[in-house]
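Input: a single structure, listed below in structure tokens.
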Amino acid sequence: MGKKKPTPEEDLIIPPQDTRICGIICVCQLTFVLSTVAIVYLTVAIYMPSSRAFKSGIDETPVMCTTTRALNQDACEWGSCGEWCLSKTSGACIQIYVHLRMNGSSLLFTNCTNSANKTCYGIDQENAKKSRCIADECKNLTGTFNCSAGMCINITDAFECVFKNTDPPLKCSGRRGKITCIDITGLFSCNRGTCRKIRTPYNCDRRCVDIPTRNKNMILLSGDKVYLSQCSSAIDMETKQEVWNEAEDKVIMSSCYNIQNTSLGIEAIDCVNGSVLEKTELTDLTNFTYLSYLHYAVSKPIKVIAPQEQDLTLSNESRLMINLEGCVNTLQDECKEFLKEFGKDGTDHNARARFPCYYSKSKMQQVVARFDLETTYRQFVFGFFVPTILFGVSCLTLIFCQRTIVVGDDAKMRFVGCANKNPVVANGGAKNQDKANSGDGGGGGDSVMAL
């Protein structure tokens with residue numbers, strides 16, 4: 001007779017385990033590890049920032065900030081925004097400084113007709129065509145150019161610059177010219193590749209013309225936009241008092257953060273530098289530069305309409321941070337968008353960034369653009385209790401499994417409970433013991449006696 005070939009089941013040294021027991025242990029171990037890692041990470045990402053926010057003393061009521069300077073530093077101790085909070089900011093960084101002031105007036109203009117608005121576009125630095133002097137693209141430049149490290153942007157169509165003095169000419173064509181112009185920086189007046197640097201003082205104003213001022217008695221400036229209309233009155237939305245009426249036969253002017261049409265009329269938020277202007281100062285059409293000149297140099301300030309900006313000033317220069325940490329952990333290029341929006345300091349001759357911000361009375365030299373205690377509290381509660389509960393449940397479950405699951409002689413895990421830990425039963429030897437006891441009693445006795 002040939003030898004019987006062993007079946008696959010007989011070849012197995014370790015029998016199949018109970019998948020329910022293995023599954024519970026694996027899930028609990030995975031949950032334990034992940035919740036531990038989450039607690040460590042969230043300590044830096046949520047717990048510590050939340051603690052600082054609760055202790056910061058920052059008022060949740062926003063005030064207004066206006067960007068005054070945006071500096072690109074090769075290396076600095078602080079930056080307005082960093083992409084990763086778990087490591088210290090290193091290398092180049094952007095530092096934004098702002099003018100901090102209290103909120104202005106909110107005005108409601110009623111019975112407005114013949115409304116118009118005009119947007120005075122400047123240069124879009126991101127999408128503007130650039131000429132690189134190192135690649136012979138500057139040899140035919142003609143007009144006014146804003147240059148930085150050999151990269152020049154044509155601003156002739158958007159701005160009209162008035163100046164008196166220039167530096168000696170630089171010829172930006174040919175090999176020698178490229179070497180000369182590779183590092184040119186500043187404002188230049190060029191003619192067929194020969195550029196002269198414009199020396200201060202100079203004045204560059206946007207070419208924003210044909211603003212319709214005929215039959216308008218309300219003019220509001222908002223960044224790069226101008227709003228005009230014929231209104232009957234202006235009401236302070238906080239005090240509900242009338243601060244101007246068309247019966248005065250004068251033009252009301254102000255600079256406001258936000259302007260919108262509503263069912264009640266035209267609402268203007270955060271208005272400052274309220275003034276009135278004689279109608280004789282206006283013609284049928286005007287330009288943005290002249291309007292700005294009339295507002296700040298010719299019109300008569302009226303504090304009842306809107307307070308003067310200098311009277312609301314809290315700090316002439318404060319550091320702007322995206323939040324209390326000056327960084328974000330999303331890794332979604334938030335800082336790039338933040339710097340693009342809040343870094344407008346007027347050096348490109350466009351309007352400066354103006355936005356709500358938050359500050360602490362005990363530390364006015366630093367302001368933040370994002371601050372919401374309610375959201376911070378919700379994030380803290382969710383980030384604290386969810387991983388902590390998962391950590392506790394998984395840890396207790398693993399301890400329970402350690403106390404109630406045993407491995408028998410056949411290497412199989414079994415659930416026996418805390419109160420039933422008979423070694424024979426627990427080790428899977430019950431059948432073998434029964435088999436031994438079912439043998440011949442006398443034989444067993446003889447064996448014992450022989451011993």
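Note that this is a predicted model, so its numbers are computed, not measured.
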Contact between [X] and [Y] at the side-chain level, heavy atoms closer than 4.5 Å - yes or no?
{"X": "N111", "Y": "E246", "result": "no"}
{"X": "F342", "Y": "S80", "result": "no"}
{"X": "L42", "Y": "P387", "result": "yes"}
{"X": "D167", "Y": "R196", "result": "no"}
{"X": "M218", "Y": "Q230", "result": "no"}
{"X": "N258", "Y": "D270", "result": "no"}
{"X": "V251", "Y": "K216", "result": "no"}
{"X": "L187", "Y": "F163", "result": "no"}

Between the side chain of [X] and the main-chain N/O of [Y], is any donor-acceptor distance below 3.5 Å?
{"X": "Q95", "Y": "W78", "value": "yes"}
{"X": "N287", "Y": "L291", "value": "no"}
{"X": "N245", "Y": "S233", "value": "no"}
{"X": "T286", "Y": "I211", "value": "no"}
{"X": "S318", "Y": "M364", "value": "yes"}
{"X": "T66", "Y": "R354", "value": "no"}
{"X": "S315", "Y": "E317", "value": "yes"}
{"X": "K340", "Y": "F338", "value": "no"}

Do [X] and [Y] have their SG atoms under 2.5 angstrom apart?
{"X": "C112", "Y": "C231", "value": "yes"}
{"X": "C401", "Y": "C28", "value": "no"}
{"X": "C271", "Y": "C256", "value": "yes"}

Are more than 12 heavy atoms, taken from residues, nucleotides or ligands other than [X], located less than 6.0 Å from that residue's [atom1] atom?
{"X": "K344", "atom1": "NZ", "answer": "no"}
{"X": "Q260", "atom1": "CD", "answer": "yes"}
{"X": "K303", "atom1": "NZ", "answer": "no"}
{"X": "F382", "atom1": "CZ", "answer": "no"}
{"X": "F54", "atom1": "CZ", "answer": "yes"}
{"X": "K118", "atom1": "NZ", "answer": "yes"}

Review point. Looking at T68, L314, T67, which hits side-chain contact (heavy atoms from CB on, under 4.5 Å) with H99?
Key: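 Of T68, L314, T67, side-chain contact (heavy atoms from CB on, under 4.5 Å) with H99 is met by T68 alone.
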
From the list L100, I96, V368, side-chain contact (heavy atoms from CB on, under 4.5 Å) with L320 holds only for I96

In terms of heavy-atom contacts, R319 and Y97 come closest through CG-CE2, 4.0 Å

Quiz prompt | Minimum heavy-atom distance between V298 and L277, given as atom pair plus value | solution =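 For V298 versus L277, the nearest heavy atoms are CG1-CD1, 3.9 Å.
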
key: Rounded distance [0.5 Å steps], CD in E337 versus CD1 in I322   =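 The distance works out to 11.0 Å.
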
Next item on the list: Drop me the distance from R69's CZ to D345's CG, to the nearest 0.5 angstrom.
Entry: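 The CG atom of D345 is 9.5 Å from CZ of R69, to the nearest 0.5 Å.
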
side-chain contact (heavy atoms from CB on, under 4.5 Å) for L390 and L34? Distances and angles first, verdict last.
CA-CA 9 Å; L390 290 176; L34 293 180; over 6 Å; no

If the test is side chain to side chain donor-acceptor pair (under 3.5 Å), which one of S254, S299, S255 qualifies with S275?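 Exactly one candidate clears the test, S299.
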
Here the side-chain hydrogen bond (donor to acceptor under 3.5 Å, both in side chains) pairs for residues 38-64, sequence neighbours left out, are R52-E325

Residues L282, I219; criterion side-chain contact (heavy atoms from CB on, under 4.5 Å); working and verdict: CA-CA 11 Å; L282 297 174; I219 301 176; 3.9 Å; yes

Residues at least two apart in sequence or cross-chain that pass ring pair (Phe, Tyr, Trp, His ring centres under 6.0 Å) with F391, listed by chain then number, are F32

> Yes or no on side-chain contact (heavy atoms from CB on, under 4.5 Å) for K225 and N117, after CA distance, side-chain angles and deciding distance?
Replying inline: CA-CA 7 Å; K225 299 181 180 180; N117 66 78; over 6 Å; no

| request: Look at the aromatic rings of Y358 and F371 and report parallel, tilted or perpendicular, splitting at 30° and 60°. | output: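 Y358 and F371: tilted rings.
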
In short, ring pair (Phe, Tyr, Trp, His ring centres under 6.0 Å) pairs touching residues 238-267 with sequence neighbours left out are none

Review point. Would V328 and E83 count as a side-chain contact (heavy atoms from CB on, under 4.5 Å) if you check the C-alpha gap in whole Å, the side-chain angles of each, and the deciding distance to 0.1 Å?
Key: CA-CA 5 Å; V328 291; E83 287 290 353; 3.9 Å; yes

Report the C-alpha separation of C81 and C327 in whole Å, then their side-chain angles, then the decisive distance to 0.1 Å, and conclude whether the disulfide bond (SG atoms under 2.5 Å apart) test is met. CA-CA 5 Å; C81 186; C327 56; over 6 Å; no

Item checked: SB check D372 R378 (cutoff 4.0 Å) ->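 Result for this pair is no, no salt bridge flagged.
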
